[in-house]
Amino acid sequence: MTGHGMFGIPLRSDMWVVGADEVALSHRVALRSGTSERDLSGGRPIIGIADTSSDLNPCNLPLADLIPAIEEGIRSAGGVPARFPVMSLGEDLMKPTALLYRNLAAIEVEEMVRSNPIDGLVLLANCDKTTPALLMGAASADVPSITVFGGARPASKFQGRELATGTDLWRMLDSYRAGQLSEAEWSEFEQCLSCGNGSCNAMGTASTMAILTETLGMCLPGSSTIPAGHPDAYVNAHASGERIVSMVREGLRPRDIMTEEAFSNARIILQAIAGSTNAVIHLPAIAGRLGIRWPLSEWTRSGEGVPVLADVQPSGRKRIQQFHASGGVPVLLNQLKDLLELGTVGAGGVLSETLASAPAKPLSDAIRTRENPLLEGPAIAVVFGSLAPDGAVIKRSAASSQLLIHTGPAVVFRDYADMRARLDDPTIDIQENAVLVLAGCGPVNVPGMPEWGMMPIPQRLLDRGVTDMVRISDGRMSGTSFGTVVLHVAPEAGVGGPLGLVRDGDLVELNVPEGELNLLVGEEELHRRRSRWRQDVALHERGWPVLFQRHVLQAPQGCDLDFLVAPSNDFPERIDPVIGRS
Ligand code: FES
């Protein structure tokens, strides 16, 4: 049934279009309408362009402009471009959080491939959840895939100073709440923030996941941090269109690229960029689609001896555009190549060869050298203990060093609404040594595990000059956030985790160097509280949230749905379609 055509290899799409019968004929006619191609008799790879641009997601809008260059690249290499829409996951507007829909978008990609004549994929990603969603879908579909990013938005300027998205918003909010910013200045600040499309320009989740995608090998070298609107973005779009056609010819699939060694490299680079803690959820979710797993403790181990070299906010001083101008990912990887597996193969070829042609030294100080790191690692650490039996995560590089070992009395909020309502309640006793505990933000509970973990500092403490406190939750935080914030506590309170057993005044012990997070309450008392615990999660009764709440895994397993994870890394591909009359 397949015709090998100009590529000399069987193509998946040939099952649809090759043949003289009425079924193949109708498939060719349908394809011609969308692609305007005359020659659809088989043998030309059909490349799906998974388009996540949307007017509801300003982070992804630059992607729309890149599509013509991608299509041109695909055609010039002999392929047939076919754009299809994928849910756009914008963290700004989607409530309660875009993570609730990451797995749905991944399903969309997989099922679009399963059901359509698609031989390869160009994944258009930018806002932070779009990247893991597309990679998860591509991993499950396992057809050759390459990612094109839309790039970070230009820097806003406020009072002569360039702003990093997210990070400076949180800082300004604290200043505003502390009365250091007038109403007029706060309003002027708002106007400054809306000045261009593209992803957050700090080391947020979007930049982190883009850099990790390049480290994994799922985009062209040097492409993951090209700023939005930069001429190089169009050059890369064209080159990626050409490259995906040759990847189909080579049979280079996600499973060949995203290997255990590639994920090991990605864990190291996450530490070297002091990237978003969200990657600690997304990378296992992507790997899980390929049957690859590692224990949560591996995150701390991966960071030992890895210096932070990306001098980008919130851990450093610069923006992602400056990181790119300093040489981007190839230069960063060159700085650390003695720690990396150099035999991995990506869209750009073998990693050792890619790095051989990259500059050996950073072109400016947004990427530090090994001799002059921003910080000693690990930037991200994992803690375990009686408060987090299955672990929790903290971004050490964005925390206050004097709080990394801290014991203090808990002030407990049972959920986000409770925290918003009572944080500044003058009747609550909150001293600066308190540990703020926010339960009810886990994957099942809300659902979707929103980025609520960086609780604001209570007003009365802000007024006294307090800028950081230990905060603990089963939620996440934005990659642009900072502070001594312990996240992803597992199991979450909503499924009976000990976070839901903490009471006001209980002593909580955090010891990041020792990897400990403990609730200093006697076992007898804890047993008494546990026996009284009742699940009070608002369970949905219809729609996608039902499926999500019933099947979502906890944070250490990546919050994927249990039936989407591959049981092993030799799990057979089962996406072959059944072609019949329709
Ligand atoms: Fe979209 Fe940050 S909110 S990239």
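Numbering of ligands and ligand atoms starts at 1, following listing order. If you read the sequence from its start, that first residue is 1, and numbering goes on from there. Everything quoted here is computed from the prediction, not taken from an experiment. Just so you know, these numbers use all the heavy atoms, side chains as well, and skip hydrogens, waters and symmetry mates.
In this structure, Phe482 has no ring pair (Phe, Tyr, Trp, His ring centres under 6.0 Å) partners at least two apart in sequence or on a different chain. Applying the salt bridge (charged side-chain N to carboxylate O under 4.0 Å, His left out) criterion to Glu492, with sequence neighbours excluded, gives no partner residue. Asp415 pairs by the salt bridge (charged side-chain N to carboxylate O under 4.0 Å, His left out) definition with nothing, not counting sequence neighbours.
A donor and an acceptor atom, one from each side chain of Gln159 and Glu185, are located under 3.5 Å apart. Defined by atom type and a distance below 3.5 Å, a donor-acceptor pair is missing between the side-chain atoms of Gln322 and Asp365.
Scanning all heavy atoms of the two residues, the minimum distance from Ser276 to Thr208 falls at N-OG1, 2.9 Å.
Only protein N, O or S atoms were considered, and those under 2.8 Å from atom 2 (Fe) of ligand 1 are Cys200 SG.
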